[in-house]
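As the structure lists them, so they are numbered: ligands from 1, and atoms in each ligand from 1. Quick note: numbers below take in every heavy atom, side chains included, and nothing from hydrogens, waters or symmetry partners.
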Amino acid sequence: MEYIDLRSDTVSHPTPAMRAAMAQAAVGDDVYHDDPTVNQLEAEAAAKLGKEAAVFVTSGTQGNLCALLAHCQRGESIIIGDTSHIFRNEQGGMAQFGGLIPRTVPVQADATMRFSDLEEAINPDDEHKPVTRLVALENTHNMAGGVPISPEYTAEVGEFARRHGLILHIDGARIFNAAAAFAVDVKELVAAADSVTFCLSKGLCAPVGSVLAGNDAFIRRARRGRKALGGSLRQAGVLAAAGLIALHEMTDRLIEDHRNAQLLAEGLSEIPGLRIHSQHTNFIVFALAADIGLSLDEFVRLLWEKYNIRMSPYGGETGEIRLRTHYWIDQPAIAKTLSAVRAILS
Ligand SMILES: *Cc1c(COP(=O)(O)O)cnc(C)c1O
C-alpha cells in the first residue's frame, strides 16, 4: 500500500500469495455444493476449530446473523454484551430479521461479563417473559480495545450455559488473535461453544468472507438462513482460495502484529501530548492531551495530508483514536508513524 493505514485491520489487502491462489482457484457452483475450493475451506476451517462443519459466509455480520437465526425462534431472547459488535454494530439484525430480543449485560474492562449479571439476565419460566435461548461472547472484544478472553473464562461460560440450557455462540471475528495472545490452539478457545464465527478478512488479510462453524445439523440450518439472506454464492472458490491461504499462512503470524502494536504503543507513550489508554493484541487506543491545542480531527488531517498516514477518530464522545496493526504495517511503517506523530505534536 502506498500509504500507511492504521484505521483498522479490515483495510488489509490480500497478500501476493492470495492473489495468485485466487487466479488459479478451481471453482464450481457452490449452491450445488460443487465448488471444490469452498468445500475445502469449509472442511479445513471446521477441522481447525474442532467443529463438525462450517459454512463460508460473506461477512462476520452475516455469520453472526445466520447463527442466531439457526439457533433461535422468533420471540426468544438472547444475552449479549452491552458493547458487543452484535448488539452495537450489526444494525439489530437479530430483531430486524429474526424477531429476537436482545438482553444486554455490562461488558467489563477485561471483556468478560459477570456471572451474577448473566444469571440475572436469564428469564424465569414465566409467561410474561420471552424464553432465553442463547448467550454470546466476543473474542477478541472489539469495543473493549481488542481484549482477548481466556480459554478458562470461556469454559466457565460454557459450563454456565449448559447448566441453564442455553446455547453458547462466540463472535470470534478475531479469534485467531486471541489464540495468538494466549499461545493456545484456537480449538481450546471455542471448545465450549456451540457455534463460532471468525473473519477471514481482518488480520488474516483475505479480501472477503467469514466462516461460521458448529455441528452438522446447525450448519444445515445456517445454510438455509444464508440463502434467505442472499449470501449463497456461485463460483465463490476465487474467494475461498484466499481464505485457505488465510488459514494456512496467516494465523501463525498474527503474533507479529501484536508485537508491532506493542512497539508502536511504546513509541507513542514516549511522545508528550499523547496518552495511551490501552494496548491489547493488535489494538492501540490513545487520546491527545487536552492542553496541546490540537483537535483529534486536525491531528488526523495533518497525518494524512503531510505524511500519508491514515488514522480515524473513534466515535464522537470518546475522544480516542483506535489503531490496529496488520500484515501491511511493518517496522519501517511504525518508525515512520512515530516520527510523523512526534513532528506534529512537537
Ligand atoms: C468486524 C467484526 C464483525 C463483523 O464483521 P464484518 O465482516 O465487518 O461484517 C463482527 N464482530 C466483531 C467483533 C468484529 O470486529
Side-chain angles (χ1 to χ4, degrees), residues 5-14 41 45 49 54-69 78 80-94 96-97 102 104 107 110-113 134-149 154 168-181 186 189-190 193 195-213 222 225-226 229-231 233 236 239-240 242-243 246 250 254 257 261 278 280-285 312 314-315 322-326:
D5 198 342
L6 287 155
R7 289 173 299 173
S8 179
D9 47 11
T10 58
V11 304
S12 59
H13 290 191
L41 173 68
L49 294 169
V55 59
F56 179 66
V57 289
T58 56
S59 67
T61 300
Q62 188 177 67
N64 285 331
L65 184 53
C66 286
L68 298 178
L69 295 180
I78 67 168
I80 47 178
D82 60 348
T83 57
S84 65
H85 196 278
I86 291 179
F87 183 61
R88 291 284 192 100
N89 291 320
E90 299 182 11
Q91 225 191 81
M94 75 200 100
Q96 277 198 67
F97 305 110
T104 59
V107 173
D110 67 356
T112 66
M113 295 178 282
L134 174 145
V135 56
L137 290 177
E138 182 172 316
N139 198 7
T140 62
H141 201 287
N142 189 335
M143 283 189 74
V147 178
I149 56 179
T154 308
L168 173 59
H169 173 69
I170 297 180
D171 175 0
R174 297 184 180 81
I175 196 77
F176 289 101
N177 291 89
V186 71
L189 282 174
V190 302
S195 59
V196 53
T197 317
F198 73 88
C199 292
L200 295 163
S201 57
K202 292 180 175 167
L204 300 184
C205 277
V208 176
S210 289
V211 172
L212 170 62
R226 182 185 69 163
L229 294 170
L233 305 174
L239 303 175
M250 305 304 282
L254 290 172
D257 296 341
S278 68
H280 300 282
T281 59
N282 65 325
F283 282 52
I284 299 160
V285 182
S312 57
Y314 180 79
R322 306 195 151 199
L323 309 180
R324 286 142 199 180
T325 55
H326 52 80

Under 4.0 Å from any heavy atom of [X], which atoms of ligand 1 are there?
X	answer
E90	10 (C), 11 (N)
R174	15 (O)
S59	7 (O), 9 (O)
C199	5 (O)

Which protein non-hydrogen atom lies closest to [atom], naming both residue and atom, and how far is it?
atom	result
atom 7 (O) of ligand 1	G60 N, 2.9 Å
atom 10 (C) of ligand 1	H85 ND1, 3.2 Å
atom 11 (N) of ligand 1	D171 OD2, 2.6 Å

Open item on the list: When you compare the side chains of N64 and H169, does any donor N or O come within less than 3.5 Å of an acceptor on the partner?
Closed with: yes
Task: Between R324 and N142, a side-chain donor and acceptor under 3.5 Å - done: yes
- [ ] Report the part of K202 in contact with ligand 1, treating N, CA, C, O as backbone and CB onward as side chain, heavy atoms under 4.0 Å; options are side chain, backbone, both, neither.
- [x] side chain
How many angstroms lie between [atom1] in [X] and [atom2] in [Y], if you round to the nearest 0.5 Å?
X	Y	atom1	atom2	answer
D9	D257	CG	CG	8.0 Å
L229	L65	CG	CG	5.0 Å
L69	R226	CG	CZ	13.5 Å

Got a donor-acceptor contact below 3.5 angstrom from the [X] side chain to the [Y] backbone?
X	Y	answer
T197	L212	no
R174	H141	no
T104	D82	no

Open item on the list: Heavy atoms only: which of T61, T58, I175, T197 lies closest to atom 9 (O) of ligand 1?
Closed with: T61
Task: Polar contact flag for E138 and ligand 1 (N/O pairs, less than 3.5 Å) - done: no
Open item on the list: Side chain or backbone, does Q62 bring an N or O within less than 3.5 Å of an N or O on ligand 1?
Closed with: no
- [ ] Report yes or no: does a heavy atom of H141 sit under 4.0 Å from some atom of ligand 1?
- [x] no
